[in-house]
Amino acid sequence: MKSGSQIIWECLLAEGVKHVFGYPGGAILPAYDALCSYPQIHHVLVRHEQGATHMADGYARASGQVGVAMATSGPGATNMVTGIATAMMDSSPIVCITGQVGSKFLGTDAFQETDITGITLPITKHNYLVKRAEDVAPALHEAFYVARSGRPGPVLVDITKDAQQGSCEFHAGTFGPASLSEPHTEIPMQSFQAALDLIHAAERPVILAGHGVLLSNAMAELRDFAERTNIPVAMTLLGIGGFPASHPLNLGMMGMHGEAWVNHAIQEADLLLAFGMRFDDRVTGTLKTYAPQAKKIHVEIDPAEVNKNVRVDCALIGDLRQVLRCLIPNVKPANRSRWLQHIDELKGDSAVRDIQKLPDNGHLYAAHVINDLWRETNGSSIVVTDVGQHQMWEAQYYKHEEPRSLITSGGLGTMGFALPAAIGAKLARPEAEVWVIAGDGGFQMTMPELATAAQEELDINVAVINNGYLGMVRQWQEFFYDRRYSATPLLSPNFARIAEAYGLRGLTVQSRDQVIPAIREARAHRATALINFLVEQEDSVFPMVPSGAALNEMIRRPGPLVETAAAEG
């Protein structure tokens with residue numbers, strides 16, 4: 001006989017869980033009491049429940065395993081909502097366990113009662129309300145299976161207090177770990193042949209590589225396919241790392257802040273091969289003019305994504321790695337040198353764009369910081385970014401060779417994601433060097449998690465790109481709202497001193513010659529270090545596709561083009 005609380009930890013052990021990120025409270029207290037008997041599982045005490053979900057998310061993205069977060073009922077559970085939605089939009093496998101008031105109090109507006117399963121229904125793959133001890137193990141067993149199977153995502157298990165306190169017969173080994181058989185992909189012969197015909201007929205094809213490359217572990221297959229067919233590869237933001245940045249067929253990032261030549265190549269292509277991506281609006285620009293000459297093949301595990309935004313000519317539903325393994329033996333090598341040479345010509349001067357070659361005029365630019373960081377780390381660290389200008393500069397100036405080396409919030413665009421997600425990533429991969437790149441706005445949303453990093457004695461490095469504004473919003477105001485900076489100037493504390501208040505190392509950098517010494521000092525410091533980079537305040541990310549514009553209608557520099565876009569948009 002075991003209590004429901006004991007069964008929670010027995011199930012997590014069976015699933016191979018080593019870390020749980022959480023915050024205790026009344027409705028989950030029985031589970032926390034039982035935790036004392038399970039020293040094999042390390043509990044990380046967060047400072048806010050949103051941080052717990054982001055840590056579980058970062059843990060999952062860095063390791064490929066399921067991350068676990070825990071909270072109490074009511075405000076504890078609702079504080080997890082943003083992190084759950086972030087994981088849902090980016091297909092990250094996490095399991096959130098919440099306490100709930102006793103089952104006899106459900107629906108009575110009891111103290112700290114909230115219908116968290118109702119609230120999270122649209123932002124989870126599935127969720128459960130468990131009211132009996134006997135149902136704890138089956139629910140958790142299934143939750144892990146659902147979270148990691150197919151298109152991964154978050155699952156929530158809400159367990160009433162009496163279910164935690166009650167007892168039932170439990171046999172270790174009956175549940176878990178939830179076995180995942182190799183996904184079976186069976187492509188209809190007609191679709192398979194149609195895809196091959198389109199590939200062999202194409203003269204100007206482009207592969208669009210998305211997050212699905214990483215989620216299906218199809219990195220080797222993507223490279224094999226691209227090299228066999230001599231087709232260039234464009235990356236989504238979340239696809240970065242799925243194909244080596246230095247590979248000659250890697251074009252770079254597409255989309256709103258993607259490279260100009262990448263967007264032009266997509267618009268001129270006669271075939272797009274969408275691999276594990278969902279044609280997000282930040283990737284396509286206006287759909288009316290998106291890749292007008294191109295046939296489209298969509299390889300996607302989630303049928304709901306096919307033809308949702310962009311109509312395609314051929315859909316191959318299934319696990320990307322399996323689909324590529326079927327295609328690779330059947331594709332014919334092709335000479336696409338003219339197409340590749342044309343793309344090189346599209347690059348022009350932009351191909352050698354390197355802000356490092358600009359003269360040092362006394363101004364410190366964020367791109368300087370990020371490119372210097374890339375050089376100093378040899379591109380080998382895990383970088384976890386927040387959301388905003390610094391996120392786009394990271395994608396442009398830090399070259400990722402390895403998978404799961406860029407962790408960022410894509411679909412939901414969650415400010416405050418970086419610091420807690422980096423804590424999760426470091427615990428998942430303690431041997432890795434982990435850097436946070438965050439803006440001064442987003443960083444302040446979850447800044448108290450510095451205390452978590454200190455308490456856990458973690459060696460992570462934090463680069464705050466401090467421009468005194470909500471930078472990306474300010475950029476839009478500059479371009480499209482006549483520089484009316486409404487509610488974007490930002491007062492911040494002295495971040496270096498804040499770090500020191502937590503017992504961490506704090507540094508401040510305000511000139512170019514200080515960047516590399518500060519990075520080296522932070523790397524040499526075997527504990528968490530924070531560098532406050534005071535960068536140019538009104539710098540902007542280029543290129544930029546204005547809202548409602550075609551993918552190739554990019555603003556490449558300030559001036560008349562910005563004014564024209566503002567007038568038209």
Side-chain angles (χ1 to χ4, degrees), residues 20-23 27-28 46 48-61 65-100 106 112-130 139-140 142-159 210-212 214-215 236-238 276-282 300-305 308-309 386-387 407-418 420-421 424 442 445-446:
V20 172
F21 307 93
Y23 202 96
I28 196 66
V46 303
H48 190 282
E49 293 88 352
Q50 179 180 343
T53 50
H54 290 330
M55 289 180 201
D57 190 347
Y59 189 98
R61 297 194 204 207
Q65 305 301 312
V66 177
V68 181
M70 184 174 285
T72 193
S73 64
T78 58
N79 281 346
M80 300 178 101
V81 167
T82 298
I84 294 171
T86 302
M88 184 67 174
M89 289 287 278
D90 289 349
S91 302
S92 187
I94 67 173
V95 169
C96 296
I97 300 170
T98 52
Q100 183 55 275
L106 291 172
Q112 291 194 333
E113 180 198 359
T114 300
D115 178 12
I116 194 62
T117 54
I119 289 170
T120 60
L121 188 63
I123 55 169
T124 52
K125 281 188 74 177
H126 193 53
N127 61 32
Y128 304 81
L129 174 59
V130 178
L140 285 172
E142 190 172 299
F144 275 82
Y145 179 84
V146 171
R148 63 163 70 99
S149 64
R151 180 181 179 177
V155 179
L156 181 135
V157 183
D158 194 34
I159 307 175
H211 196 198
L214 300 167
L215 294 176
T236 69
L237 175 64
L238 292 183
M277 54 86 73
R278 57 189 179 85
F279 290 108
D280 176 78
D281 61 292
R282 290 295 173 102
E300 173 59 50
I301 199 167
D302 184 358
E305 291 296 341
K308 186 176 82 174
N309 296 325
D386 231 279
V387 172
I407 296 173
T408 190
S409 172
L412 197 65
T414 305
M415 293 175 68
F417 173 81
M445 291 187 174
T446 53

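Throughout, numbering of the chain's residues begins at 1 and tracks the sequence. Only this structure's heavy atoms are used, side chains among them; waters, hydrogens and symmetry mates stay out.
In plain terms, the two heavy atoms of Val130 and Ala139 that are nearest each other are CG2-CB, 3.6 Å. Here the closest non-hydrogen pair linking Ala60 and Ile94 is CB-CG2, 4.4 Å. Closest of all the heavy-atom pairs between Thr236 and Met277 is CG2-CB, 4.1 Å. For Asp386 against Gly442, the heavy-atom pair with the smallest separation is OD1-CA, 3.9 Å. Among all heavy-atom pairs drawn from Met415 and Val387, the shortest one is CG-O, 4.0 Å. Nearest heavy-atom pair across Gly76 and Ala71 is O-CB, 3.6 Å.
Under a 4.0 Å N-O distance rule, the pair Asp302/Arg278 does not qualify as a salt bridge. Residues Arg282 and Asp280 are not paired through a salt bridge, judged by the lack of any N-O separation under 4.0 Å between the basic side chain and the carboxylate.
Tested against Phe417, the residues Leu412, Thr53, Ile407 include a single side chain to side chain contact (heavy atoms under 4.5 Å, CB included) partner, Ile407.
Going from atom CE of Met88 over to atom CG of Asp57 covers 13.0 Å, rounded to the nearest 0.5 Å. Going from atom CG of Leu129 over to atom CG of Leu106 covers 6.0 Å, rounded to the nearest 0.5 Å. A distance of 9.0 Å separates CD1 in Ile301 from CG in Leu215, rounded to the nearest 0.5 Å. To the nearest 0.5 angstrom, His54 atom NE2 is 6.5 Å from Thr446 atom OG1. Note that the CD atom of Glu113 and the CD atom of Gln100 stand 5.5 Å from one another [nearest 0.5 Å]. Within the model, atoms CD1 of Ile84 and SG of Cys96 stand 4.0 Å from one another, a figure rounded to the nearest 0.5 Å.
A donor-acceptor pair under 3.5 Å is formed between the side chain of Thr72 and the backbone N or O of Ala27. No side-chain donor-acceptor contact under 3.5 Å links Asn79 to the backbone of Gln50. At distances below 3.5 Å, not a single donor-acceptor pair connects side-chain atoms of Lys125 with backbone N or O atoms of Pro93. The backbone N or O of Gly153 sits nowhere less than 3.5 Å from a side-chain atom of Ser91 that would complete a donor-acceptor pair. A distance-only check finds a donor-acceptor pair linking the side chain of His211 to the backbone of Asp90 [under 3.5 Å]. Judged by distance alone, the side chain of Asn127 and the main-chain N or O of Val155 form no donor-acceptor pair under 3.5 Å.
Counting only heavy atoms from C-beta outward, the side chains of Val68 and Phe144 approach each other to under 4.5 Å. Using a 4.5 Å heavy-atom cutoff, the side chains of Thr114 and Ile119 are in contact. The closest side-chain heavy-atom distance from Thr98 to Met70 is not below 4.5 Å. Counting heavy atoms from C-beta on, the side chains of Ile116 and Val81 come closer than 4.5 Å.
Among residues two or more places apart in sequence or in another chain, the ring-ring contact (aromatic ring centres under 6.0 Å, His included) test is passed with His126 by Tyr128. Partners of Glu305 by salt bridge (Lys or Arg N to Asp or Glu O under 4.0 Å), not counting sequence neighbours, listed by chain and number: Arg151, Lys308.
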Would you please test Thr414 and Thr86 for side chain to side chain donor-acceptor pair (under 3.5 Å) and show each step? CA-CA 7 Å; Thr414 305; Thr86 302; 2.6 Å; yes

Give the intermediate values and the outcome of side-chain contact (heavy atoms from CB on, under 4.5 Å) for residues Leu140 and Ile97. CA-CA 9 Å; Leu140 285 172; Ile97 300 170; 3.9 Å; yes

